[in-house]
Every structure is written in structure tokens, then in C-alpha cells.
A.B. asks: 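Dumping the structure here so I can ask a few things about it.
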Number of protein chains: 2
Amino acid sequence: MAHLTAGVEYGIHCLLWLALERDTSLSSRDLADLQGVSPSFVAKLFPKLEKAGIVVASNGLRGGYRLARSAARITLLDVVDAIEGPKPLFDCQEIRGRCAVFDGALPRWATNGVCAIHAAMLRAEQAMRESLAATTLADIADTVGRKAPASFSQAVTAWVGGRTDARSARRGTRGRG
Amino acid sequence: MAHLTAGVEYGIHCLLWLALERDTSLSSRDLADLQGVSPSFVAKLFPKLEKAGIVVASNGLRGGYRLARSAARITLLDVVDAIEGPKPLFDCQEIRGRCAVFDGALPRWATNGVCAIHAAMLRAEQAMRESLAATTLADIADTVGRKAPASFSQAVTAWVGGRTDARSARRGTRGRG
DNA sequence: GAAACACAGACTAGATCGCTCCGCGTTTCA
DNA sequence: TGAAACGCGGAGCGATCTAGTCTGTGTTTC
Ligand code: FES
Ligand code: FES
């Protein structure tokens with residue numbers, strides 16, 4: 001994939017569901033099934049978000065995740081950093097230090113400070129990060145909310161409720177389904 | 001490596017040498033040896049820069065590359081696009097279309113337009129691209145030029161000249177060295 | 001005490017990256 | 001005239017990364 005991996009897309013989409021259902025803990029399996037993606041993969045994602053303080057986890061049956069703070073105070077940069085970890089846009093290999101003209105006697109000025117090319121790349125990365133930091137989960141939820149009809153939110157709550165019911169039913173009809 | 005690969009670092013550094021020696025054609029081997037990097041790898045880089053119209057190539061003995069236009073009119077974005085090709089920062093997989101709540105009957109509004117998350121990523125990518133487009137090869141050459149002593153430019157020209165001489169000498173003493 | 005949860009770690013298939021090697025056509029120059 | 005130095009394309013290779021699976025361990029609910 002590209003620089004921002006599939007984990008970021010999965011993670012942010014999951015967090016949007018959590019923002020929609022702030023009163024309920026959703027398990028990683030709920031979130032995966034809800035979106036039709038790999039449960040194992042989503043399960044590997046959330047410990048990172050929890051360590052970054054974006055979500056809080058609760059253990060045991062009926063456990064799961066919920067947002068650690070308001071969606072308006074979670075930026076896309078928070079999520080990207082949590083999932084991707086420290087991952088530079090550009091990885092300078094200090095080419096300049098191998099110049100044949102110097103022939104072994106590397107002058108101080110040649111490796112002093114950061115290479116001008118590297119500096120330009122760092123500026124580009126910073127521009128990207130500032131753009132990501134300027135968008136919050138709430139912004140995105142608003143955009144989606146304006147597109148979705150009013151009935152959608154209810155349908156989601158019903159789906160989540162249906163999950164809990166299905167679990168209870170499974171306990172009642174154990175071995176038959 | 002990261003999103004911007006080693007080819008970009010090699011490529012831009014090479015182009016800086018070409019900007020310094022605008023009157024001479026430098027071969028890909030010259031440029032590689034000058035910087036102590038792999039000649040084969042640099043040789044694979046330059047056809048891309050030539051197709052993008054950043055350098056012009058000349059064939060045969062004494063051939064090589066030179067800048068197609070002034071360094072002030074070559075941006076870092078030009079070089080990155082030439083070497084990396086079309087490579088999105090974020091590769092949306094249209095997760096939203098798989099939502100289990102819809103259960104097969106995907107409503108129009110759900111996939112209408114670009115996903116809000118994807119849109120935010122495109123803005124971040126655009127911010128990065130604008131930053132890269134704002135820096136030219138000449139800008140970087142100036143920065144380097146201010147650091148390097150006056151003698152450096154002469155040393156480079158001498159090194160390049162020495163290369164041509166070495167080739168002539170090799171022809172004269174064929175088989176002995 | 002079983003089921004549903006979180007979480008850590010080993011593992012795999014496939015893609016990509018950095019790099020090499022080879023063959024072909026072109027140009028120069030002894 | 002032919003060898004050497006060029007550009008250029010394609011095949012291939014080892015290392016690394018990605019997306020995803022499969023354990024296993026500990027915790028909470030019912
Ligand atoms: S040495 Fe890495 S960008 Fe110049
Ligand atoms: S569907 Fe790809 S980012 Fe939303």
C-alpha cells in the first residue's frame with residue numbers, strides 16, 4: 001500500500017462508529033463485522049489506539065472499546081501516529097557524505113546541519129501533518145451525518161443491539177445453531 | 001523505505017550536480033561515482049527523468065545528461081512525480097461500501113462522492129505536494145552554495161575533467177591498468 | 001465454568017524496494 | 001572499421017514490509 005496503510009483506513013472508520021455509539025462498548029469483532037473487514041486485523045489495531053489514549057478498553061464479556069474523549073478532540077493526526085508509529089515521509093541516507101570530490105577528507109561544512117534536500121522533505125511532511133491535525137473525527141462524522149438519512153443512526157443502534165440479543169439467544173439454544 | 005524512496009534522494013542529488021555543471025554532459029556513471037552510490041541504480045533512474053522532460057540525454061561516447069531547463073524552473077514535485085510515478089499517499093479501499101447495516105441493499109448516499117476520510121487524506125496529500133512544488137532545484141543549489149567554499153565548484157569541475165582525461169589515458173595504455 | 005472479551009507474539013503469502021545483470025542500438029574516435 | 005563508452009529496456013534477486021491468520025494467556029460476565 002501507500003505511506004498511510006490500510007490500518008489507518010480501518011482504524012478511522014472504526015472510530016467513526018464509536019463516535020456514533022458513544023454509550024456502548026463495541027468489541028473489535030463487532031466493529032469488524034459491521035464493516036465487513038478482517039476481525040483479526042482490527043483486533044491488532046486497537047491495542048495501538050488504546051496505548052495512544054484514543055480509546056479505552058474494558059475486559060471480559062460485554063467488554064470492548066469506547067472513545068477516550070470527545071470526537072472533536074481527536075484529530076486524524078492522532079490516529080495516524082497511533083497506528084503507523086514514527087514513520088518518516090522521506091528517509092535520508094546521507095548521500096552527501098560519500099561525495100568522491102572530498103576523497104575521504106570530508107570537510108565540516110559538507111555534513112553540517114541537515115541536507116537542504118532533506119529539509120525540504122521535512123517541510124513537506126510537516127505540511128501533511130498540519131493538514132491531518134486540522135481535521136477531527138467530529139468534522140468527518142458531521143460530513144457523513146449530513147449525507148446519511150435520520151434513520152441510519154437508528155439502524156446502526158438496532159444492529160448493535162441485535163448483536164447482544166444474538167449472543168443471548170446463542171446461550172439459550174446452545175448446540176443447535 | 002518510506003513513501004519517498006531512495007531513488008528520489010539519489011535523483012535530486014544528481015540533478016544538483018547537473019545544475020552545477022550546466023555546460024557538460026554527465027553520464028549516469030559519472031554521477032554515481034561522484035556520489036559513491038550504485039551506478040546500475042542511477043542508470044535506471046535517469047530514463048524516468050528524461051521521459052518527464054527534466055533532463056535531455058545524448059547517446060554514444062561522450063554522451064550523458066544535462067538539465068532540460070533552468071534549475072529555477074524544476075520543482076521538487078516535478079522530480080518526485082517523475083521518479084515515483086503516480087503513487088497516492090493513501091489508498092482508499094472503499095470500506096464504506098461493505099457496511100453490514102445495509103445488508104446488501106447499498107443505498108445511493110453511502111457511496112455517493114468521495115468518502116470524507118479519503119477526502120481528508122487527499123487534502124493532506126495536496127498540502128504535501130504544494131510544499132514540494134514550492135521548492136525548486138535552484139533554491140536548494142543556493143542553500144548548498146552558501147555553505148560550500150568558493151573552491152568547491154572548481155574542485156568539482158576538475159574532478160569531472162579528470163574523468164575525461166582518465167578515459168583518454170585508458171585508451172592510450174590499453175591492457176596495462 | 002464456559003463464553004466473550006483484550007492483548008501479545010509467531011507466523012505466512014504477497015508486494016515492493018534497492019540493486020544487479022544482460023542485451024541492444026547509438027555515437028565517437030583511434 | 002571496430003572497440004569502447006554511452007542510453008535504454010527487461011529479467012531477476014534478496015531483503016523488507018504489509019495485510020492477515022493463528023495461536024496462547026489473562027479477565028470479566030453470567
Ligand atoms: S543527504 Fe539525504 S537528502 Fe541530501
Ligand atoms: S471508504 Fe476508504 S476512506 Fe472511507
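Quick note: numbers below take in every heavy atom, side chains included, and nothing from hydrogens, waters or symmetry partners. Below, read A as the first sequence line, B as the second, and so on, with proteins coming before strands; counting in each chain starts at 1.
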A.B. asks: Between B:S25 and B:R66, do the side chains contain an N or O donor and an N or O acceptor separated by less than 3.5 Å?
C.D. replies: yes
A.B. asks: Categorize A:S38 for me: base, sugar-phosphate, or nothing, with a 4.0 angstrom heavy-atom threshold over every strand shown.
C.D. replies: sugar-phosphate
A.B. asks: Counting side-chain heavy atoms from CB outward, which of C:dG18, D:dG20, C:dA3 is closest to A:F41?
C.D. replies: D:dG20
A.B. asks: On DNA chain D, check which nucleotide each of B:F46 and A:P39 is closest to and give me the residue with the more 5' one.
C.D. replies: B:F46
A.B. asks: Where each residue is assigned the nucleotide of DNA chain C containing its nearest heavy atom, which of A:P47 and A:G63 is assigned the position nearer the 5′ end?
C.D. replies: A:G63
A.B. asks: Measuring from the side chain of B:Y10 (C-beta onward, heavy atoms only), which nucleotide among C:dC19, C:dA6, D:dC6 has the closest atom?
C.D. replies: C:dC19
A.B. asks: Scan B:K51 against the nucleic acid and name what it touches under 4.0 Å (heavy atoms): base, sugar-phosphate only, or nothing.
C.D. replies: sugar-phosphate
A.B. asks: Would you mind classifying the nucleic acid contact of A:S25 as base, sugar-phosphate or nothing, using non-hydrogen atoms under 4.0 angstrom?
C.D. replies: nothing
A.B. asks: Using atom types as modelled and distance alone, determine if a side-chain donor or acceptor of A:K147 lies under 3.5 Å from a backbone N or O of B:A110.
C.D. replies: no
A.B. asks: D:dA19, C:dC7, C:dC29: which one has an atom nearest the side-chain heavy atoms of A:A6?
C.D. replies: D:dA19
A.B. asks: Could a donor-acceptor pair under 3.5 angstrom be found where the side chain of B:K44 meets the base of D:dG7?
C.D. replies: no
A.B. asks: Between A:D81 and A:K48, is there a side-chain N and carboxylate O pair less than 4.0 Å apart?
C.D. replies: no
A.B. asks: Send over the distance from A:R62 CZ to C:dA4 C1', rounded to a whole Å.
C.D. replies: 10 Å
A.B. asks: Between A:E94 and A:R96, does any side-chain N to carboxylate O distance fall below 4.0 Å?
C.D. replies: yes
